[in-house]
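Below, read A as the first sequence line, B as the second, and so on, with proteins coming before strands; counting in each chain starts at 1. When reading the values below, keep in mind they use all heavy atoms of this one structure, side chains included, and skip hydrogens, waters and symmetry mates. Keep in mind the model is a prediction, meaning the values are calculated, not measured.
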Amino acid sequence: MMLRPATVFAILVGLGLWLPLVQFKPNRIAAGEGIRLDQALAGGPVIALAVLGLLVLSCIWRMPDRMRIVLALAGMAGSLVVLGHAARSLSVEAGNLARLAPASGFWLMLLGFSLMLADGVARLGPSLPARWLILGLVLVAGFGILASGMLDQISVMREYATRRAAFLHEAKRHLQLAFGSLGLALLVGLPLGTGIYMMRRLRGPVLAALNILQTIPSLALFGIMLPLLAWLAATLPAAGRWGVSGIGAFPALIALFLYALLPVVSNTLSGLETVPRATREAAVGLGMTRWQVLGQVLIPLALPSLIAALRIVLVQNIGLAVIAGLIGGGGFGTFVFQGLNQMAMDLVLLGTLPTIALALLAGIVLDLLIEHVARGRP
Amino acid sequence: MIELQDLTRMFDGQPVVRDVSLTVEAGEIVTLVGTSGSGKTTLIRMINRLVEPSSGRVLIEGLDAASLPVHQLRRRIGYAIQGIGLFPHRSVAQNIATVPRLLGWPRARIEDRTDELLELFQLDPARFRDRMPHQLSGGQAQRVGTARALAARPDLLLLDEPFGALDPIIRAQAQTDLRAVQRRLGTTMILVTHDIDEAVLLGDRIAVMDAGRIVQYDRVARILAHPETDFVRAMTGGPEGVFRLLSLVAAAEIAEPGEAPGPPVDAATNLREVLSLCLSSGREALPLRSGGRVTLAAIRALAGRGGQ
């Protein structure tokens, strides 16, 4: 039997209700115990039953897509609110040292509702402006909930509260790493991709070299770069002053840049190759110079593919930038690796959650941009 | 006037075009006909230097084509190809305006020129100006491609199998339209085709190419009546040969005084059509609208003399 998507989402959320909502730990690094929704809140059983009822309804009645979207948004916000309330009421009894972390039940509910949202949006196929609006609503609601203090008793938020300045600093550094390496990759990759489009002989060697680069694990890459960059910084004082060093942000930037080159170069090449031969011949035959052919015909026609490269690389680099934390390069990875060393999962989450959120956001925003560019084309 | 002098092009040590010399008078259409691999496309691509000649030169109105920067040369020579190659991201008007924009014409002049060309090719400017290429039929796209090639009033228009992508019915219309446009504008044209009927219909002169050489270059009637080599005879002759000859002669040229039954035809109607009408209506002669008649016997006599 085929499961309807609505049933799958209902099972996910239902499981979430049944599994622990929050994890209670007497202190930051102690092992914890899970507490279900109906145990965590005074009104818990009522809320759980109400949600369960709605879920059963969603399985048997094929509700309109608009309604499903609203329900999913309400569910996502509701999960957060319930989590915040549970944490607040539990922390009153337990005192300041105790930690309350979101547990498996919460994550499953969030997953179930966000899949429901994605499915609803995909089925409804709303116009582009409407999709920007939905994205904006989710963002505003998310920031609103965070700013309201509702979640302040959640362990991740308490880690945040003690590291507010560091968090902002690392967030800035994370974005610098992701966007900086993206900028470098575009600066080098676009001309390189265009170059091997024009010089067919160079395609094989260049793509092979980039493919090999892509397979080197990041730790090995750091290992290779460390002596090289350290030597460079030692022999060329100017390079050192420009930030070149064996560890820190510079090698992280270079590693991200190298990993980004292959997608940029190969997408540039494949985008240019989609331009019909007759179109290119006509452009040359009508008297465009080499640069005019490139700027007026080839690049505009390759644009969807170029933006797709931008999307791949940005999402990839936002995620990968976490490894900078390993070599003192800063970014959200700093919290991840600190947390791992201290066995403090809340701290790991403080690095992980914003990374995931940023990557998701970048992916969605660029998808919407790609559709804008692709509009009005055959 | 376009002069090709001793043009040769080698590819990998093999001559593809050998020692071709050809003079095209201003305002004429020369059709370059030959089998595939005869070097005809390479020959016209040497005129706008998409292929550089290995030796020889091209003079356009006395000016050596090699003396100009290549993109400036190409802006003075229209170029239309089989694949048409409209820019898919630009509207019809923007496509047509390509060369005028490259030449830096003022905007108002470009707009006037675009509309003028759309009208010339029977595309209503209000309806077609802002269409995108993917919204055009094959015949419309072909007309836009030719309009684009003519936009900056080039001295010369090169057409490489321009109707190759069209189905037979649309192709016949497109050929007639091109002929009419050329008559109005007086543009010198060199058209490459492998179709001898297209060459006869459109050309003032035909150059027959074989294995990189021009084997005969002459007025259409002379090529058909006096093929100089077996290759030309094979190309122009065959069972259709006599009809090609008749298609070049107007009814008025062999008219005689007298009466004939049935509806009259125009004096400009070609003898191929007159013959067809005689046979299909079972008449021995057709009356001309301007007076007199054309007899089946006169057509037969003319065909027997090889069109002379």
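- Only the backbone of B:I84 comes within contact range of chain A, judged by heavy atoms closer than 4.5 Å.
- In this structure, A:A282 and B:G85 approach most closely via the heavy-atom pair CB-O, 3.4 Å.
- Contacts from residues 187-207 of chain A to chain B, taken as heavy-atom pairs separated by less than 4.5 Å, involve no residues at all.
- Inter-residue side-chain proximity for B:L50 and A:E281 is flagged as unmet; no heavy-atom pair is nearer than 4.5 Å.
- Residues A:L286 and B:V99 come closest through the heavy atom pair O-CG2, 3.7 Å.
- Using a 4.5 Å heavy-atom cutoff, the side chains of A:Q292 and B:L102 are in contact.
- Atoms OG1 and CD, from A:T289 and B:Q72 in turn, are 11.0 Å apart once rounded to the nearest 0.5 Å.
- Between chain A and the residues B:R45, B:Q135, B:Q82, the largest count of heavy-atom pairs under 4.5 Å involves B:R45.
- The shortest non-hydrogen separation linking B:H89 to A:L301 is ND1-CD2, 3.5 Å.
- With a threshold of 4.5 angstrom between heavy atoms, B:L86 approaches chain A through N, CA, C or O but not through any side-chain atom.
- Both the backbone and the side chain of A:Q296 come within contact range of chain B, with heavy atoms under 4.5 Å apart.
- In terms of heavy-atom proximity, B:I81 sits nearest to A:A278 at CD1-O, 3.7 Å.
- The contact between B:R90 and chain A is made entirely by side chain atoms (from C-beta outward), counting heavy-atom distances below 4.5 Å.
- Looking at B:R49, neither its backbone nor its side chain comes within 4.5 Å of chain A, counting heavy atoms on both sides.
- Side-chain atoms of B:R75 come within 3.5 Å of backbone N or O of A:G287 as a donor-acceptor pair.
- Within the model, atoms CZ of B:F87 and CZ of A:R280 stand 12.0 Å from one another, a figure rounded to the nearest 0.5 Å.
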